[in-house]
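All residue numbers in this chain count up from 1 along the given sequence.
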Amino acid sequence: MNQSASLERALATAVDLHQAGRAAEAEAAYRQILQISPNIPEIHNNLGCLYADQGKLHEAVQSYRAALQLNPAYAEAFNNLGNAYKILEDFNEAINCYLKAIQIKPDNPAVYNNMGVALRVVGETASAAKCFETALMLKPDYADAHQNLGTVLKEQGKLEEAASSYLAALQLNPQNAPSYVGIGNVLIESGRVDEALQAYAAALALNPDFPEAKWNQALAYLMKGDLEKGWEGHELRLKFQKFYPHVYRKSFWQGENFQGKRLLIYDEIGYGDVFQFIRYLPWVKERGGAVIFECKKGLSRLLENFPGIDELLERSDEPVPEENFDLQLPMESLPGIFHTTLTSIPADVPYLKVDRQLAAEWKKRLAGYSGLKVGLVWAGNPSNQYDSARSCSLQDFTPLAAIDGVIFFSLQKGPAETQLSSLPHGMQIIALGSELKDFADTAAAIESLDLVISVETAVPHLAGALGKEIWTLLSFVPAWRWMLERSDSPWYPTMRLFRKQERGSEWRAVLSVVAEELKRLVESECSVVIQR
């Protein structure tokens, strides 16, 4: 047998071992071939695939690069290298690899699909959509490309087109659970929660352990107000919302008595979440040991005397030393720990208090202004992925400008504060943003106001926790905590909700309703003064 035939037989054996899942034997077979003939790029590529199958991504990268060193025009190796970088979350490098693969071989639909996935992750949704569309031009029956195109279209707000793409994927592959989840997500965006739950149930019938289906199903239950069904799946946020920077080995607290132990609770997502869920810490403290609460910067001064906290820490780049605590818990697990229902939410307000001296300083600061004192917030953090839906502009508050007997104060922070340079016609606003150094200042300012009107940011949560009157402006389908259709919140007794009535409608319509209610409030306040 000549050497060429021997190599072909050895390669066939290695591939058979690889396909049979006998990784160690396959690796040995590939390496034995490379000892004899180290300059065969296909062997390096195959070895890279073997490593990738085992999750050994850095070794896979080395093998793919060895293949490309031998053959710089090896399109398949560039595609595989891109896939490895994508899993390693080096998306820009992955995109570069896919581009090189396309330059060499422009007719491979899988490469366009892979590149579209990476482009979507880095926020290039328009380019991602073009990649998926190209993949489908090359291969119209490409179910994964239909599925991925649906996801991008949904993120672009093109719900009907997204639904069509998901349905096309299901026609090609009726066992495709992700497409049912996609359809469910489109239905959620349309406010059709019950139908969305049916779609998630269909996905779970195909794959009972599908985390994306369980997570979205949980959010749908919470949005319906069926909290008991939602809390278990809500724990999957720890997989899909990785905002807390540290990982600890200590056991998670399950609600048991922990007398003699130290429990670390850390806030994990936004400031508003802290104000919503900190109400549970006194309940935690009743179960025994010491409660350590770690919070983001800007909260310490407000929370330093909060009942239920034995030790208050401010978030840093370094994790809390594990010898300092025995148990851990991310903050948003607290409602589930206490089996919270709509009727058992601990909603006695105020549960947050403002330092007396600071409150007196702010009361004095605003005492010289007459009329109904109303605080305004029109935009959230622009880095939030849902900010475009929840935020409006200061100009949208124009319907409020003509109301007599009201003086407006801006509580706005961040880039949107610059909108104060161009006020709605006829509106005067006292800017307080530069004086709000942290949330203690914001809380004290809110205490000195009669009413706060805000989009969905941390401010409504803070005002609600302080027991102040707060009118919250909501998009058509807001975060689960505001549920659907309700004009009140079981979490905050002093809150009113003003919602967009249709998807894609203008904020000005919501603010027109707010303006009418504000006029009534001013008239009622004047009536009280006259009666006195």
With a 6.0 Å cut-off on the ring centroids, do Trp480 and Trp215 count as close?
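Trp480 vs Trp215: aromatic centres not under 6.0 Å.
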
Suppose we call two aromatic rings close when their centres sit under 6.0 Å apart. Are Phe293 and Phe306 close by that rule?
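Distance test on ring centres: not under 6.0 Å, no.
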
Modelled atom types, side-chain donor and acceptor of [X] and [Y], under 3.5 Å:
X	Y	result
Tyr166	Gln147	no
Gln328	Ser251	no
Tyr386	Ser475	no
Asn83	Asn114	yes
Glu228	Thr341	no
Arg499	Thr472	no
Tyr244	Glu294	yes

Show your reasoning for whether salt bridge (charged side-chain N to carboxylate O under 4.0 Å, His left out) applies to Glu517 and Arg496.
CA-CA 11 Å; Glu517 291 301 307; Arg496 291 182 64 183; 3.1 Å; yes

Basic-acidic side-chain contact under 4.0 Å: Lys363, Glu447:
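Salt bridge: no.
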
Ionic contact status for Asp310 with Lys285, cut-off 4.0 Å:
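Yes.
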
Determine the interplanar angle of the [X] and [Y] rings, folded into 0 to 90°, and report it as parallel if under 30°, tilted if 30 to 60°, perpendicular if over 60°.
X	Y	answer
His461	Tyr492	perpendicular
Tyr248	His246	tilted
Tyr271	Phe439	tilted
Trp471	Phe498	tilted

Between [Y] and [X], is there a cation-pi geometry (under 6.0 Å to ring centre, at most 45° from the normal)?
X	Y	value
Lys373	Phe409	no
Lys500	Trp507	yes
Lys86	Phe91	no

Are Lys224 and Asp226 close enough, and set up right, to give a salt bridge (charged side-chain N to carboxylate O under 4.0 Å, His left out), and what steps lead you there?
CA-CA 5 Å; Lys224 276 176 61 71; Asp226 196 344; over 6 Å; no

